[in-house]
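The structure appears right after this line, and notes come after that.
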Amino acid sequence: MKKIIKDLIKDSLNKNFKDNDIPLNDIEVNLCKDKKFGDYSSNIAMKIASSFNEKPTVFAEKLVERLKKNSKIKKVEIVKPGFINFFVSEDLKFSVIDKILKEKRNYGKNSTGNNLKVLIEFVSANPTGPLHVGHGRGAVFGDCLSNMLTESGYAVTKEYYVNDAGKQIDILVVSVLQRYHELIDSDFEFSYDDLYKGDYIWDIAAELHRNEGSKFLIKNLVDHNNADIDLYIRKIKEILSDREFLYIKKLCVNYVLENIRLNLVEANINFDSWFFESSLLEDKSLDKAVEFLIKNNHTYTKDKALWFKSTDFNDEKDRVLIKENQDHTYLATDIAYHEKKIGRKYDLNVNIWGADHHGYVPRIQGAFQIFSKKKSNLKILLVQFANLYRGTEKVAMSTRSGEFVTLNQLLKEVGKDAMRFFYLTRKSDQHMDFDIELAKSNNNNNPVYYVQYAHARICSIFRQLKKGKNNFSYDKKYLLNLREEEELNIINKLASYPDVILNAAKKYEPHLITNYVRELAQEIHSYYNKHQILVENGDLRNARLALIEAAKYVLQNSAKIIGIEMPEEM
RNA sequence: GCGCCUGUAGCUCAUUUGGAUAGAGCAUCGGAUUUCUAAUCCGAGGGUAGUAGGUUCGAGUCCUACCAGGCGUGCCA
């Protein structure tokens, strides 16, 4: 829709103002909030009149005079201080319904992505425990963003980066080993400062015991009792063989990761790819990446540690890659991981991180730039935290106390649809409050049901139709019967859908879609309440059925992007 | 201290790359169903957009300062 008008303006500018270098992408066309200003407006005259030494209104006059006659546009008006307002012909408006009924599930798709390869990395939570609600927002955001970009013609790969090689995993292994010993001999009593103490640790220990019996019993394993955790880990590694330790580690990671994967599937999030940090060590990518940095003078040695000169890339200070004890930091493997990404030749890389990692951005962007040797095509999106509430009461969340609400608990309590919708109603860079009570309420407070109900009502009308003796038959000419204000409102809304998708994908803002679908539902409910669809007059009835059928497709299409169901009845 | 993010109705949030009269939901109050599902609709009240300046045809949106909150600022991950 917008494009048609844009093209018209472009055409006029090109023909009549040849000696200009107006970037044609700058032509802006917007939906009018107020009907009296028409359907669409452009501010182009106000923007560029000054460069022609003319008043915006005068310039607009000239521009409009020379607009090519077009049957799609009914009327063009100029309003001070220089808006050009377009009134679209009924015929063109109605054609949207025709288009939707033809395209069905494809309505709203666009090809701006041009089949470019995009890698979206998100969640990537350490496999040391179950996902909690803090991960939920980023997870749902990333998934919806993937859907949006797919809808816009990108070839999207969703990837989870698994940190299965660092110290945290060793701590997980040690935690499990201690529980394993307690399981075998109840006389054991360990302290768990700095270790993981969630119930799932027992489960993994039990699994280990189920599979291997008492094979890994360490006779003289003593409580680490606040001893340095690194020393404790090293000691256990000395007692067990490398193979044994690796075996237990794999078992732990697999257990936790499978749990995470299942949680995500329940939330309707499916990853295409799981990238393991450990693979960077196995295939020497880490060493190669570090060597490359050294060779190209991006590092220096200080205090027996190897530092990355991240200050060259607007970081506040330089960062350690290899510690004094010769262990690598997470930054080192992260850099190696991103080096790998470049080698995988994606046209665009998107990382979705929690906002608490924002300090990490310059480092990774810097490293990425070094390895890609050209303009960075890495986009790092930060998702703010969500505070969890039960009614007015804030739910405390701390990993320390082990008192965090898991994503799975949230899923069970509020359901997949409500959870996803809620997470997506706010702009991602905005802090948000997530009220569990509200999300699971079965009433009009809940926007998910509001939207789903609109769909169910439409379905219900078609069921009702089947019961009667009439059928729905469609012909474009029936549409001329749509004269009610509410009908035109819905048509306008339906017409703007592709622009919403386009815009949301361009700005990486899924909330535009949840907002849209809520607005559409509102128009549908208003219409439903005021007007009967199944009227006696056959032509009118068919026109109205065509309208709500089209609305149904748009509801379904947006629901698919949001990742929620659209039930036929409620 | 420094850096990043945020501040819009009583509450939770929108406001389409700066546009026309800043909009929804919740809550409050008043109405609507013999009719396709009332998980719905219609209406009312409610605003110095944190504060103060600046930029321009035009600012909630951009810039500066200050105030308030969140996060970051490890040889942690």
Side-chain angles (χ1 to χ4, degrees), chain A residues 2 25-26 28 30-34 36-37 41 43 46-47 49-50 55-57 79-83 85 126 128 163 166-169 171 302-307 314-317 319-325 327 329-331 334 354-362 382 384-385 387 389 392 425-427 429-435 438 441-450 452-454 456-465 467-468 496 499-500 503-504 506-507 509 511-512 514-516 518-519 521-522 524-535 544 548 569-570:
Chain A
K2 279 187 188 176
N25 289 336
D26 280 7
E28 234 180 282
N30 285 315
L31 268 179
C32 292
K33 283 181 204 160
D34 195 326
K36 80 177 180 206
F37 293 127
S41 74
N43 57 8
M46 287 178 290
K47 275 194 148 175
S50 59
K55 280 188 170 178
T57 43
V79 181
K80 62 177 179 354
F83 288 102
N85 294 330
N126 281 352
T128 52
N163 286 117
K167 181 168 143 186
Q168 292 306 313
I169 297 296
I171 294 177
K302 193 181 91 183
D303 302 331
K304 293 179 191 161
L306 183 71
W307 294 71
N314 294 324
D315 202 356
E316 292 166 25
K317 52 171 290 197
R319 310 288 169 175
V320 170
L321 289 171
I322 309 290
K323 303 187 227 173
E324 191 181 346
N325 68 5
D327 281 351
T329 59
Y330 258 48
L331 176 62
D334 272 358
D356 55 334
H357 285 72
H358 72 254
Y360 219 73
V361 174
L382 299 174
Q384 289 290 340
F385 286 126
N387 293 315
Y389 283 82
T392 53
T425 45
R426 314 293 181 223
K427 224 157 130 179
D429 61 2
Q430 189 78 252
H431 300 267
M432 74 177 283
D433 290 343
F434 190 118
D435 183 349
L438 191 63
S441 61
N442 270 356
N443 57 31
N444 52 2
N445 295 359
N446 199 324
V448 189
Y449 296 119
Y450 185 81
Q452 292 179 329
Y453 188 41
R457 273 182 149 174
I458 292 174
C459 294
S460 165
I461 292 169
F462 280 98
R463 280 197 300 272
Q464 198 67 29
L465 178 75
K467 278 189 208 162
S496 68
D499 289 329
V500 172
N503 199 236
K506 195 169 78 183
K507 295 168 74 177
E509 290 185 351
H511 80 281
L512 294 174
T514 47
N515 280 357
Y516 169 85
R518 194 154 49 170
E519 285 162 13
Q522 186 169 31
I524 293 168
H525 284 309
S526 291
Y527 180 47
Y528 181 96
N529 264 276
K530 194 161 172 189
H531 303 285
Q532 181 89 14
I533 310 303
L534 300 177
V535 289
R544 290 183 168 176
I548 62 168
E569 48 189 321
M570 293 175 72

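All values below come from the heavy atoms of this structure, side chains included, with hydrogens, waters and symmetry mates left out. Owing to the predicted nature of the structure, the values given are computational and were not obtained by experimental measurement. Below, chain A is the first sequence line, B the second, and so on; all start at residue 1.
In this structure, the side chain to side chain contact (heavy atoms under 4.5 Å, CB included) partners of A:Asp327, at least two apart in sequence or on a different chain, are A:Lys323, A:Asn325. In this view, A:Gln384 and A:Arg137, A:Ala355, A:His431 satisfy the side chain to side chain contact (heavy atoms under 4.5 Å, CB included) rule, not counting sequence neighbours.
For the pair A:Gln464 CD and B:C36 P, the computed distance is 7 Å after rounding to whole Å. Here B:A39 presents its P atom at 13 Å from OH of A:Tyr449, a figure rounded to the nearest Å. Atoms CZ (A:Arg518) and C1' (B:C13) sit 8 Å apart, rounded to a whole Å. B:C2 atom P lies 18 Å from atom CG of A:Asn314, rounded to whole Å.
The aromatic ring of A:Phe83 stacks onto the base of B:A20, its centre lying under 5.5 Å from the centre of the six-membered base ring with the two planes under 30° apart.
The base of B:A20 is paired with the side chain of A:Asn85 by a donor and an acceptor separated by under 3.5 Å. You'll find a donor-acceptor pair under 3.5 Å spanning the side chain of A:Ser41 and the base of B:A20, going by distance alone.
For the pair A:Ile548 and A:Tyr528, the minimum side-chain heavy-atom distance is 4.5 Å or more.
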Could you encode protein contacts along nucleotides 4-12 of chain B as a string, one character per nucleotide from 5' to 3', using B for base contact, S for sugar-phosphate-only contact and - for no contact, with a heavy-atom cut-off of under 4.0 Å? BSSS----S
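The distance from atom CG of A:Asp499 to atom NZ of A:Lys506, rounded to the nearest 0.5 Å, is 10.0 Å.
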